[in-house]
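Structure first, commentary second.
No hydrogens, no waters, no symmetry mates; every other heavy atom, side chains included, goes into these values. In each ligand, atom 1 is the first atom listed, and ligand 1 is the first ligand listed. The residues of the chain are indexed from 1 along the displayed sequence.
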Amino acid sequence: MTQHSSPQFPTTRLRRNRKSAWARALVAENILLASDLIWPLFVIEGTNMVEPIAAMPGVSRLSIDVAVERVKEARDLGIPLVALFPNTDPTLRNEEGAEALNTNNLICRAVRAIKAQVPDIGVMCDVALDPYTSHGHDGLMRGNEIMNDESLVVLVQQALVQAEAGCDVIAPSDMMDGRIGAIRAALDKAGHQNVQIMAYSAKYASGFYGPFREAVGSSSLLKGDKRTYQMNPANSDEALREVAMDLAEGADMVMVKPGLPYLDIVARVKNEFKVPTFAYQVSGEYSMLMAAIERGWLDPEKVIPESLMSFKRAGADGILTYFAVEVAKSLRRSL
Ligand code: PBG
């Protein structure tokens, strides 16, 4: 605060700027737009399939044909990017997550279908092996250890397979050291200089991912936990080191995850680096809000936009949220 700003009542009345809707709109410091939203969706095999996810009321796994229609709707609402996650058939999961490298796997077919039928929306894919491994981990396992450098080799291949399929944004969520640099180099070498990387830079070992793991079918498979590669929720400086390294390795955009419990990290990252910074309002955050909404304890019209506005206020340039379509619709109505 500078010295000329020591305002005093009654000369200054902060309520004056709140006296009416137009006055509040005029002085609003942040605004939530459909273009801030990234919509994660879960895909499954089959046609005309809509499979509800118990822990995420209102969210379903969709077969590719249905997903394409929903993505058209998202595009029409002004949502710029969708993030795809596969629920891989259990028989296709193995120790090495080999299905991740199948150029005709579920995710590649979904990307091709969406890019063919809805070319003007961005498509993002996770790089991590957890939807493909029989142990539910994001990398390769030897004994109880998740191997870093060995995993990089596979993750780089996975990223290339997704880029070949037409994915616009590669989003490594695996938290192996050195993955951004390895993926960037491989993409460039293969002629994919224009494929962007959104790094899950500060990804914490969080209990809030529970419903997601149900959605992709990895929760019952997961051996142990992910604390040797995902970040300790106690740490904040370390998040800045993760972001610094990912940027040095070529990340175009960085992400903090989960969202609401980590808004301090979002704010620190944005203040420190001033780069495109995203936050993921993860499955457990969605479930938490929906559980209270379903009981009538919280008003969705209020808490959903409020929760998303808090990300903007913290400095996020955009938010991954399962509420994206619903929110984009209500933003449209309020225009
Ligand atoms: C996979 C991945 C996870 C999420 C996104 N990518 C789960 C995990 O790391 O276990 C979580 C998203 C959510 O909870 O909504 N690496």
(request) Between M255, Q230, K203, M56, flag the one that comes closest to atom 2 (C) of ligand 1 by a heavy atom. (result) K203
(message) Counting only heavy atoms from other residues, nucleotides and ligands, does the tally under 6.0 Å from CG of N104 exceed 12?
(response) yes
(message) Heavy atoms only, cut-off 4.0 Å: how does D138 contact ligand 1, side chain, backbone, both, or neither?
(response) side chain
(request) Work out whether the distance between some heavy atom of E285 and some atom of ligand 1 is less than 4.0 Å. (result) no
(message) Can a side-chain donor-acceptor contact be found between R241 and N235 if the only test is distance below 3.5 angstrom?
(response) no
(request) Could you tell me the residue and atom name of the protein heavy atom closest to atom 12 (C) of ligand 1, and the distance to it rounded to 0.1 Å? (result) F212 CD1, 3.3 Å
(message) Starting from atom 1 (C) of ligand 1, what is the nearest protein heavy atom, named by residue and atom, and what distance separates them?
(response) D130 OD2, 2.9 Å
(request) Give the numbers and elements of all ligand 1 atoms closer than 4.0 Å to a heavy atom of Y322. (result) 12 (C), 13 (C), 15 (O)
(message) I need the contact type for S173 against ligand 1. Using non-hydrogen atoms and a strict under-4.0 Å cut-off, is it side chain, backbone, both or neither?
(response) both
(message) Quick one about S173 and D126 (side-chain donor to acceptor, distance below 3.5 Å, no hydrogens or angles considered), yes or no?
(response) yes
(request) Taking all non-hydrogen atoms of both residues into account, name the closest pair between F208 and E285 and its distance. (result) CD2-N, 4.2 Å
(request) Please write down residue, atom name and distance for the protein heavy atom closest to atom 6 (N) of ligand 1. (result) D126 OD2, 2.9 Å
(request) Look at atom 14 (O) of ligand 1 and say which protein heavy atom is nearest, naming residue and atom and giving the distance to 0.1 Å. (result) S283 OG, 2.7 Å
(message) One residue to check: Y286. Relative to ligand 1, which of side chain, backbone, both or neither has a non-hydrogen atom less than 4.0 Å away?
(response) neither
(request) For atom 8 (C) of ligand 1, grab the closest protein heavy atom and report residue, atom and distance to one decimal in Å. (result) K226 NZ, 3.4 Å
(message) Please identify which of these residues, Y286, F85, Y322, meets the ring-ring contact (aromatic ring centres under 6.0 Å, His included) condition with F212.
(response) F85
(request) Count the heavy atoms of every other residue, nucleotide or ligand shown that sit under 6.0 Å from CE of M245, and state whether that count exceeds 12. (result) no
(message) For a quick check under 3.5 Å, do R268 and S236 share a side-chain donor-acceptor pair by atom type?
(response) yes
(message) How about CG on N232, more than 12 heavy atoms from neighbouring residues, nucleotides or ligands closer than 6.0 Å, or not?
(response) yes
(message) I need the nearest protein heavy-atom contact for atom 11 (C) of ligand 1: residue, atom name and distance, please.
(response) K257 NZ, 2.9 Å
